[in-house]
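Structure first, then comments.
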Amino acid sequence: MSTSETYTQTVCECPCGKGSVVKHVTTQDNPWSSADISIELDCTSCAAEWRLEHQSLVLRSSETPYREAQDAEHKAYERLRELVDPLVDDYFARFAAKTKKAEWEEMQRLNIYSGSYRNFLDAKKTKQPGQIAYGLRNEEWLRELAGESEVVLNKLLKDRQEAKARTESARSQIVRRRIAESPQTWKRSNGTN
């Protein structure tokens, strides 16, 4: 049976000022255990509006535009992959490598796959070349493959780039408050486990 001791420290006030952010440090009475440290937002109104992330408070409502932008970016990427993957598949069907190693080397030469040969062989068991390679790493090559679809490819590339920019902009709008550690009060509670 071991005993534990918990120290509770008020770190700072919560955003509304009616509660606080507290740190709990629990230590065991044996030399081999490490301390368990947790941080808690001890305010019911702020806990509904804010969440703890590492050493910051994050305003939940400010994350909504970021999540929406992230979802739009993902959809733009999926539309792009729907065009790119078949282009890559068709290229390698025409390339008709005599060996798997020759196909892997061609992907390396085109700079569309950076994994090891072993990883390539594992992926080759269940995936097509378009799913294994990342054709978007070589846009110039993709434009050559696209032929008549180059206009569509360029539009999808632009849409994805704009979606990424919106995601980054929305990420920068997330409201974060750094938790500044300034010990104010310590409360000690002894417990047994």
Side-chain angles (χ1 to χ4, degrees), residues 28 31-39 50-179:
Q28 302 296 322
W32 56 86
S33 295
S34 60
D36 294 322
I37 301 171
S38 63
I39 298 176
W50 297 82
R51 68 178 181 81
L52 286 163
E53 181 180 278
H54 307 294
Q55 293 295 315
S56 299
L57 289 169
V58 180
L59 184 61
R60 294 175 195 269
S61 62
S62 72
E63 292 180 298
T64 302
Y66 171 68
R67 283 195 204 98
E68 291 168 353
Q70 205 174 29
D71 187 46
E73 180 184 348
H74 179 72
K75 288 176 182 172
Y77 175 73
E78 288 304 315
R79 286 190 300 272
L80 189 55
R81 289 294 302 246
E82 286 172 7
L83 176 67
V84 169
D85 287 357
L87 290 173
V88 175
D89 290 341
D90 290 346
Y91 174 83
F92 282 97
R94 288 190 316 272
F95 182 71
K98 295 199 185 292
T99 64
K100 291 177 185 174
K101 185 153 190 165
E103 185 175 348
W104 173 73
E105 288 171 342
E106 179 66 0
M107 286 183 181
Q108 297 278 317
R109 185 188 72 77
L110 292 168
N111 192 28
I112 60 172
Y113 185 76
S114 60
S116 70
Y117 182 56
R118 171 60 44 209
N119 290 342
F120 172 78
L121 291 175
D122 288 342
K124 187 80 176 151
K125 293 175 186 174
T126 59
K127 297 178 181 176
Q128 296 295 314
Q131 296 170 312
I132 298 170
Y134 187 65
L136 293 169
R137 286 182 69 183
N138 191 338
E139 289 182 17
E140 184 179 324
W141 172 71
L142 278 178
R143 286 188 176 90
E144 292 172 15
L145 291 181
E148 295 175 9
S149 301
E150 185 177 356
V151 172
V152 175
L153 175 64
N154 286 334
K155 182 189 179 326
L156 291 174
L157 287 167
K158 183 180 178 202
D159 289 350
R160 179 174 179 237
Q161 184 179 22
E162 289 171 354
K164 282 179 84 169
R166 284 190 297 274
T167 300
E168 287 305 311
S169 175
R171 181 192 325 261
S172 70
Q173 300 302 313
I174 295 174
V175 176
R176 296 179 192 278
R177 289 193 180 169
R178 184 110 173 109
I179 297 171

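In this text the structure is predicted, and so the values were computed from the model without any measurement.
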Thinking salt bridges, do [X] and [Y] make one under a 4.0 Å N-O criterion?
X: K155; Y: D159; result: yes
X: D71; Y: K75; result: yes
X: E105; Y: R109; result: no

Could you pull out the closest heavy-atom pair between [X] and [Y], with the gap in Å?
X: T167; Y: A69; value: OG1-O, 3.1 Å
X: Y66; Y: A170; value: CA-CB, 3.5 Å
X: A76; Y: R160; value: CB-CA, 4.0 Å
X: G135; Y: I112; value: CA-CG2, 3.9 Å
X: R143; Y: L157; value: NH2-CD1, 3.6 Å
X: L153; Y: A146; value: CD2-CB, 4.0 Å

Side chain S149, main chain V152, donor-acceptor under 3.5 Å
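Pair absent, no side-chain N/O of S149 close to backbone of V152.
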Main-chain N/O of L110 paired to R137 side chain as donor or acceptor, under 3.5 Å
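Not a single qualifying donor-acceptor pair exists.
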Given salt bridge (charged side-chain N to carboxylate O under 4.0 Å, His left out), test E168 with R171 step by step and report yes or no.
CA-CA 5 Å; E168 287 305 311; R171 181 192 325 261; 2.8 Å; yes
Consider only side-chain N and O atoms of E73 and Y77, and report whether a donor and an acceptor are under 3.5 Å apart.
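The answer is no; no qualifying pair exists.
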Point-to-point distance, once rounded to the nearest 0.5 Å, from [atom1] of [X] to [atom2] of [Y]:
X: D122; Y: S116; atom1: CG; atom2: OG; result: 8.0 Å
X: N138; Y: M107; atom1: CG; atom2: CE; result: 12.5 Å
X: Q161; Y: R166; atom1: CD; atom2: CZ; result: 11.0 Å
X: W104; Y: K124; atom1: CH2; atom2: NZ; result: 14.5 Å
X: R51; Y: S56; atom1: CZ; atom2: OG; result: 9.5 Å
X: D90; Y: Q128; atom1: CG; atom2: CD; result: 10.5 Å

Does [X] reach the side chain of [Y], with side-chain heavy atoms less than 4.5 Å apart?
X: Q108; Y: Y113; result: yes
X: E103; Y: P129; result: yes
X: L142; Y: L83; result: no
X: Y134; Y: R81; result: yes
X: E140; Y: E144; result: yes

Q131 atom CD, neighbour heavy-atom count above 12 within 6.0 Å
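Above 12, so yes.
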Identify whether NZ of Lys or CZ of Arg in K100 sits under 6.0 Å from the centre of the six-membered ring of F120 and within 45° of that ring's axis.
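Judged by the rule, K100 and F120 form no cation-pi pair.
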With side-chain contact (heavy atoms from CB on, under 4.5 Å) as the test, would you mind laying out the steps for Q55 and I39 before giving the verdict?
CA-CA 9 Å; Q55 293 295 315; I39 298 176; 3.4 Å; yes
Walk me through it: do I179 and L52 pass the test side-chain contact (heavy atoms from CB on, under 4.5 Å)?
CA-CA 9 Å; I179 297 171; L52 286 163; 3.4 Å; yes
Mind telling me whether F95 and Y91 have parallel, tilted or perpendicular rings, with 30° and 60° as the class edges?
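If you compare the ring of Y91 with that of F95, the planes turn out parallel.
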side-chain contact (heavy atoms from CB on, under 4.5 Å), that's the test. Do V175 and V58 meet it? Break it down for me.
CA-CA 6 Å; V175 176; V58 180; over 6 Å; no
